[in-house]
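Here the structure is laid out as C-alpha cells; the discussion comes afterwards.
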Amino acid sequence: MEGKGLTPRPELKCVRGLPLIKYFAENWEQVEKFQARPDDLLISTYPKAGTTWISEIVDQILNDGDIEKSKRDAIFIRVPFLEFAVPGVLKGTEQLAAMPPPRVIKTHLPVEFLPQSFWDKNCKMIYVARNAKDVAVSYYHFYQMAKVHPDPGTWEEFLQKYMDGKVSFGSWYDHVKGWWEKKKDYRILYLFYEDMKENPKHEIQKVMKFMEKDLGEEVLERIVRHTSFQVMKENSMANYGTIPTSIMDHSISPFMRKGIAGDWKNHFTVAQNEAFDADYAKKMGQTSLRFRTEV
Ligand code: A3P
C-alpha cells in the first residue's frame with residue numbers, strides 16, 4: 001500500500017446527503033454498481049464498532065481455526081473494504097473483483113446505501129453495533145491517526161459533529177437503527193461489541209452457527225484466544241501496522257487503542273454526558289434497540 005498522490009486531511013464529501021471520506025465519495029459509482037454473489041458474507045458496522053475484531057473472527061472460522069492461514073495477509077486484504085478508495089491504492093471494488101469465493105466483505109455503509117445486489121442475492125450479513133459513547137471516543141482518536149479524515153478539532157467539537165451526524169458515514173443513530181430494522185427481513189446476525197467483550201466464546205459460537213460451521217470446542221477456544229484484544233494488538237496481520245504512516249500514524253494513537261467497554265468515562269465531562277444523554281433519548285426513544293455503555 002503506497003498512498004501516493006494523497007492530500008492529507010481532505011474535507012468530507014457528501015453522496016446523496018451522506019458525508020464520506022472525499023476519496024470514497026469520488027469512487028461512489030463503482031460501489032453502487034457492485035455485484036454481490038450469493039455466497040458473499042458481508043460484515044457491516046458503523047466505524048469503530050469492532051469491525052476488525054469481527055473480521056478476524058470470521059476469517060479464522062472460515063479457515064477452520066488454522067491461525068497460520070489467517071496470517072496469510074493483512075486483514076484489509078483478507079476482508080476487503082467495499083467502499084475503500086485512496087489514490088495510488090487498489091480500491092475495495094478492484095480487490096473484490098479479483099478475489100475468489102467465498103468472499104468476506106467489509107462495509108460501513110448505512111443500510112439504504114448498500115448496493116442493491118446484496119439484497120437481491122440475499123447474502124448473509126453480520127452487523128456489529130457498539131454503544132454510541134465508546135464509538136465517539138474511538139472515532140475521535142481514529143480521526144486523529146487516520147489522515148484521510150479531516151482534522152477532528154477538539155474533543156468537544158468532534159463530539160458535537162458526531163451527534164449531528166457530520167462525520168464520515170453519517171449518523172451513528174440512523175446507522176444502528178437502520179440495520180436493526182432491516183434484520184427483520186434479511187439474513188442479518190446483529191451482534192453487540194459489549195456482548196463480545198463480556199462473553200466472546202458465546203458470541204463466536206453464534207457466528208459459527210450463522211456461518212454453518214461446527215468446528216468443535218478446541219477450535220472454538222483457539223479462536224477465542226487468537227481474537228482477544230491482546231493477541232490481535234500484537235498481530236501485524238490484524239493491527240493495521242503495515243499501513244504507511246502517511247495514511248495511519250499509530251504514534252498519534254494506535255489502531256488497537258484500548259479495546260474496552262466504558263472508556264467514554266475517561267473522556268466525557270459531566271456536562272457533555274448530560275447533553276449527550278438528552279439528545280440520545282430524543283434520537284433513540286422510539287426504537288427497541290438497547291445498548292450497554294459498560295460491562
Ligand atoms: P478503541 O479505540 O476503543 O480501542 P474498528 O475495527 O471498527 O475500526 O474498531 C476499532 C475498535 O475496536 C478500537 O477500539 C479497537 O481497539 C477495538 N478492537 C479491535 N480489536 C479488538 C478486540 N480483539 N477486542 C476488543 N476490541 C477490539
Side-chain angles (χ1 to χ4, degrees), residues 21 24 42-61 67 70 74-84 92 104-110 126-146 148-149 152 155 158-159 162 167-169 172 175-176 179 191-204 207 222-241 243 247-250 252-268 291-295:
I21 289 168
F24 293 16
L42 185 75
I43 290 177
S44 172
T45 54
Y46 188 81
K48 313 323 289 174
T51 329
T52 316
W53 189 8
I54 191 70
S55 300
E56 189 65 39
I57 290 169
V58 166
D59 185 61
Q60 292 194 11
I61 294 174
I67 306 303
S70 282
I75 192 64
F76 48 84
I77 305 290
R78 287 179 280 145
V79 179
F81 182 9
L82 177 63
E83 58 272 20
F84 175 86
V104 182
I105 306 173
K106 157 184 164 180
T107 188
H108 288 319
L109 292 172
I126 301 177
Y127 187 82
V128 179
R130 184 182 191 186
N131 79 79
K133 292 179 185 177
D134 281 329
V135 168
V137 170
S138 183
Y139 213 178
Y140 177 60
H141 287 89
F142 187 57
Y143 250 66
Q144 289 176 312
M145 70 86 76
V148 289
H149 296 98
W155 161 241
F158 181 80
L159 184 61
Y162 174 81
V167 290
S168 184
F169 294 101
W172 173 92
H175 206 284
V176 295
W179 281 93
L191 302 174
F192 294 90
Y193 180 96
E194 294 74 23
D195 295 346
M196 290 165 65
K197 273 309 290 186
E198 188 175 59
N199 192 344
K201 188 174 168 183
H202 186 252
E203 298 309 298
I204 293 172
V207 178
R222 193 186 313 149
I223 295 176
V224 170
R225 224 173 22 254
H226 285 274
T227 56
S228 70
F229 179 73
Q230 287 315 327
V231 173
M232 278 183 61
K233 192 177 167 70
E234 299 305 320
N235 177 1
S236 63
M237 293 298 123
N239 66 13
Y240 282 86
I243 302 246
I247 301 179
M248 281 189 187
D249 188 343
H250 297 264
I252 297 175
S253 178
F255 184 90
M256 294 288 169
R257 198 181 59 87
K258 282 200 177 171
I260 58 169
D263 186 42
W264 63 272
K265 291 179 194 165
N266 299 316
H267 295 272
F268 279 66
F291 284 88
R292 292 188 290 164
T293 52
E294 56 191 310
V295 287

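Each ligand, and each atom within it, is numbered from 1 in the order the structure gives.
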When you look at Gln60 and Glu56, which way does the side-chain hydrogen bond (donor to acceptor under 3.5 Å, both in side chains) test go after all the steps?
CA-CA 6 Å; Gln60 292 194 11; Glu56 189 65 39; 3.0 Å; yes
Could you go step by step and tell me if Phe169 and Leu109 meet the side chain to side chain contact (heavy atoms under 4.5 Å, CB included) rule?
CA-CA 7 Å; Phe169 294 101; Leu109 292 172; 4.1 Å; yes
Do ligand 1 and Arg257 have nitrogen or oxygen atoms that lie under 3.5 Å from each other?
yes
Holding to side chain to side chain donor-acceptor pair (under 3.5 Å), I want the full list of residues that pass it with Tyr143, two or more places apart in sequence or in another chain.
none
Holding to side-chain contact (heavy atoms from CB on, under 4.5 Å), I want the full list of residues that pass it with Lys258, two or more places apart in sequence or in another chain.
Ile260, Asp263, Asn266
Under 3.5 Å, N or O to N or O, is Gly259 touching ligand 1 that way?
yes
Where do Met256 and Thr52 land on the side chain to side chain contact (heavy atoms under 4.5 Å, CB included) test, with the steps shown first?
CA-CA 10 Å; Met256 294 288 169; Thr52 316; 4.1 Å; yes
Under a 4.0 Å heavy-atom limit, does Met232 contact ligand 1 with its side chain, its backbone, both, or neither?
side chain
Do any nitrogen or oxygen atoms of Gly50 lie less than 3.5 angstrom from nitrogen or oxygen atoms of ligand 1?
yes
Starting from the C-alpha separation in whole Å, work towards a yes-or-no answer on side-chain hydrogen bond (donor to acceptor under 3.5 Å, both in side chains) for His108 and Thr45.
CA-CA 5 Å; His108 288 319; Thr45 54; 3.0 Å; yes
Is the Phe84 ring parallel, tilted or perpendicular to the Phe24 ring (thresholds 30°, 60°)?
perpendicular
Determine the minimum heavy-atom distance between Thr51 and Tyr46, stating which atoms define it.
OG1-O, 4.4 Å
Between Ile21 and His149, is any pair of side-chain heavy atoms under 4.5 Å apart?
yes
What I want to know is whether Lys258 and ligand 1 share at least one N or O pair that is separated by under 3.5 angstrom.
yes
One finds that the ligand 1 atoms under 4.0 Å from a non-hydrogen atom of Ser228 are 23 (N)
among protein heavy atoms, the one nearest atom 8 (O) of ligand 1 is Lys48 NZ, 2.8 Å
If you measure from each heavy atom of Phe255 to ligand 1, is any distance below 4.0 Å?
yes
What part of Arg130 sits under 4.0 Å from ligand 1 if we count only heavy atoms: the side chain, the backbone, both or neither?
side chain
So Asp59 and Ser70, side-chain hydrogen bond (donor to acceptor under 3.5 Å, both in side chains) or not? Walk me through it.
CA-CA 6 Å; Asp59 185 61; Ser70 282; 2.9 Å; yes
Please list the nearest protein heavy atom to atom 13 (C) of ligand 1 with its residue and the distance rounded to 0.1 Å.
Ser138 OG, 3.8 Å
Within a distance under 4.0 Å of any heavy atom of Thr51, pick out the atoms of ligand 1 and give their elements.
5 (P), 6 (O), 7 (O)
The answer for which part of Ala238 has a heavy atom under 4.0 Å from ligand 1 is neither
Using a strict 4.0 Å cut-off to heavy atoms of Thr227, name the atoms of ligand 1 that fall inside it.
23 (N)
Does only the side chain of Tyr193 get under 4.0 Å from ligand 1, or the backbone, or both, or neither? Count heavy atoms.
side chain
Starting from atom 6 (O) of ligand 1, locate the nearest protein heavy atom and write down its residue, its atom name and how far away it is, to 0.1 Å.
Thr52 OG1, 2.5 Å
Is the closest heavy-atom distance from His141 to ligand 1 below 4.0 Å?
no
Could you tell me which atoms of ligand 1, counted from 1 in the order shown, lie closer than 4.0 angstrom to a heavy atom of Met256?
16 (O), 19 (C), 20 (N)
Among Phe158, Phe268, Trp264, whose ring pair (Phe, Tyr, Trp, His ring centres under 6.0 Å) with Tyr140 holds?
Phe158
